[in-house]
Amino acid sequence: MGTIAFYIVTALAGVLALAGWALAHDALFAVHAGIFALACLITVFVGIRQHNFSGPKVPQTKYLDGVVRAGAIATIFWGVVGFLVGVVIAAQLTFPVLNLDLQWTSFGRLRPLHTSAVVFAFGGNALICTSFYVVQRTTGARLALGNTAWFVFWGFQLFIVLAATGYILGVTQSKEYAEPEWYVDIWLTIVWVAYLLVFLMTLVKRKEPHIYVANWFYLAFIVTVAMLHLVNNLAMPVSFLGSKSYIVWAGVQDALTQWWYGHNAVGFFLTAGFLGMMYYFLPKRAGRPVYSYRLSIIHFWALIFLYIWAGPHHLHYTALPDWAQTLGMTFSIMLWMPSWGGMINGLMTLSGAWDKLRTDPVLRMMVLSIAFYGMSTFEGPVMAIKAVNSLSHYTDWTIGHVHSGTLGWVGMISLACMYHLIPRLWGREDLYSNKLVSWHFWLATLGIVLYVAAMWVSGIMQGLMWREYDAQGFLVYSFAETVQAMYPFYLIRTIGGLLFLLGALVMVYNLWRTVRGDTRSEAGMPAAASA
């Protein structure tokens, strides 16, 4: 689509959004229509002001890195926002008075805001910007389809704003990891199709005959998330000028579809995409080739085939047929093998370079993330076993497991990649301070350990108290007593989350000074080799 045509379509979309705002059947839909109209107006105004309609064309650089720089900034920004909201809701569970008796600040409204901020805003921006960076470097080609990558970036930011405001205002489908309502889902679909086309067409016009394995993981993540999103969010709106809709699935079919989506959002959004990061940035940082390229291919195909079947383990002891529960459990256990194959491949890539961990805290973060990947992909299959699940499900043990994966694996690999990327994107020799990276590493690591250990202990205690019966067959503990017993562990979790947030703030300062071009002399902390 040409530039002028794009502005015309955007202006028409803004006019339709204004009509939706004026004719909306409920106030919540009107708010979102107004936000969308404002976004269209800003896009047209800024775009026309900056577009050179008559002057000579500016020669293109080899790579389109402006959108990668914007993505890196968005990743850090949304990460801090998500971590901050996480600390707030952890504090709310510890000190309920912090809910403030307001519906907009209640745990029920802020909890989905936190999960979506860290998964989709922080993690999504990290995936988009690193995939755009990696696909250009591994293909020797500039991002395809002109400035469509910029549409993907800004369109995704608009999706985040619509989703976040929806959570606070109460616009939700009440589906885990799929909270936004029907019209937000349609917008995300448009953005995601554009993302797929940019990535795929860049691969098509590649100058290298071989497609590097990181691109296979990124492509699997993009395609599978699109499929999951479309099937799980099939809904019928009550009105095309209202925010409410009803999912086409019902009963146990809806539950199965939701957890087919939910677990594979973990498998492909939070695992496959970030494995693409690992397979590119870890060898670059270590200055070593991937330990076994053959193992990386086996890892890819085994993971892709097995993960898609594991969702039913979220529905043990429910109305789901027992054979489907057993199928989910079986494939979850089988997932242990390809997952650990990837972990071993990552760790063995450091063969001959382990000494770099003493002087390169960014590489240390990457190795720690792989260790957490291995731990959480062992714990997950164990928790999928029915006998274990009967104790762990619905307890804080699950919360601990999820955060060992999201903070330890996703968080640490993403933050390490930002440390690696940002000096290169802004043309700096190295980070402002490697000692501050080391501080960040230890603050984050201590925070994760406190968080996860507290939730493990709390969750196992919780499960045991729920199933404790006396001689007459009555429950020994009331639910309120189990909540009271968990108070000290909730306090420890809050402290752990606060430490992780403090580490992220140290990172913001360090990267800000890096972008400014400041340098700091640090004896004993040599700069990492350029990659």
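Side-chain contact of E179 with T172: a donor-acceptor pair under 3.5 Å is present, judged by distance alone. With hydrogens and angles left out, the side-chain atoms of W259 and E176 include no donor and acceptor closer than 3.5 Å. A donor-acceptor contact under 3.5 angstrom links the side chains of N215 and T138, judged on distance only. A donor-acceptor contact closer than 3.5 angstrom links the side chains of Y167 and S116. The closest side-chain donor-acceptor pair between T271 and Y373, if any, does not fall under 3.5 angstrom.
Contact of the T139 side chain with the K205 side chain is not registered, since no non-hydrogen atoms from C-beta on lie closer than 4.5 Å. Looking at S438 and N434, their side chains never come closer than 4.5 Å, going by heavy atoms from C-beta outward. Residues N233 and Q173 are in side-chain contact: their nearest non-hydrogen atoms beyond the backbone lie under 4.5 Å apart. Taking the side chain as every heavy atom from C-beta outward, V67 and N147 never approach each other to under 4.5 Å.
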message = Set out, in order, the CA-CA distance, both residues' side-chain angles and the distance that settles ring-ring contact (aromatic ring centres under 6.0 Å, His included) for Y451 and F500, then state yes or no.
response = CA-CA 9 Å; Y451 190 118; F500 195 88; 9.2 Å; no
Under the side chain to side chain contact (heavy atoms under 4.5 Å, CB included) rule, what do E379 and V382 come out as? Steps first, then yes or no, please. CA-CA 5 Å; E379 185 182 30; V382 169; 5.6 Å; no
| ring-ring contact (aromatic ring centres under 6.0 Å, His included) between F221 and F274: does it pass, once the steps are laid out? | CA-CA 9 Å; F221 136 70; F274 292 92; 7.9 Å; no
Take I370 and L282, measure what side chain to side chain contact (heavy atoms under 4.5 Å, CB included) needs, and give me the verdict at the end.
-> CA-CA 10 Å; I370 297 169; L282 179 68; 3.5 Å; yes
Inset, instruction - Test H420 against Y133 for ring-ring contact (aromatic ring centres under 6.0 Å, His included), laying out the working first. - result: CA-CA 12 Å; H420 180 88; Y133 182 87; 7.6 Å; no
For side chain to side chain contact (heavy atoms under 4.5 Å, CB included), just list the numbers for L415 and T75, CA-CA rounded to whole Å, side-chain angles, deciding distance to a tenth of an Å, and then say yes or no. CA-CA 9 Å; L415 298 174; T75 299; over 6 Å; no
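Under a cutoff of 6.0 Å and an axis angle of 45°, R516 and W512 form a cation-pi pair. Because its NZ or CZ atom is not both nearer than 6.0 Å to the ring centre of F107 and within 45° of the ring axis, R111 does not count as a cation-pi partner of that residue. Seen from the ring of F441, R364 counts as a face-on cation partner, given the 6.0 Å and 45° thresholds.
Formation of a donor-acceptor pair under 3.5 Å by the N125 side chain with backbone atoms of G71 is not found in this model. A donor-acceptor pair under 3.5 Å is absent between the side-chain atoms of T349 and the main chain of P283, judged by distance alone. Checked by atom type and distance alone, the side chain of N510 never pairs as donor or acceptor with a backbone atom of L436 at under 3.5 Å. Listed for the T494 side chain is a donor-acceptor partner under 3.5 Å among the backbone atoms of Y490. A donor-acceptor contact shorter than 3.5 Å is absent between the side chain of R285 and the backbone of V362.
Taking the six-membered ring for Trp and the full ring otherwise, F6 and W154 have centroids separated by 6.0 Å or more. Ring to ring, Y279 and W216 are not that close: their centroids are 6.0 angstrom or more apart. Checked against the 6.0 Å centroid criterion, the rings of F269 and F120 qualify as a close aromatic pair. Under the 6.0 Å cut-off for aromatic ring centres, W336 and Y307 do not qualify, their centroids lying 6.0 Å or more apart. Ring centers of H263 and F331: at least 6.0 Å apart, outside the cut-off. Between H210 and Y293, the ring center distance clears the sub-6.0 Å criterion. You'll find the ring centres of H440 and Y419 inside the 6.0 Å limit.
Between F199 and Y195, the angle of the ring planes goes over 60°, which puts this pair in the perpendicular group of the 30/60° scheme.
Note: H229 NE2 to W192 CH2 = 9.5 Å, rounded to the nearest 0.5 Å.
D65 has a carboxylate O that lies under 4.0 Å from a charged side-chain N of R137, or vice versa, which qualifies the two as a salt bridge.
Taking all atoms of both residues into account, the shortest heavy-atom contact from A90 to T94 is O-OG1, 2.9 Å.
Screening T202, L64, L127, V198 against F132 for a side-chain contact (heavy atoms from CB on, under 4.5 Å) leaves a single residue, V198. Shown are W78, F83, F77; of these, the ring pair (Phe, Tyr, Trp, His ring centres under 6.0 Å) with F122 is made only by F83.
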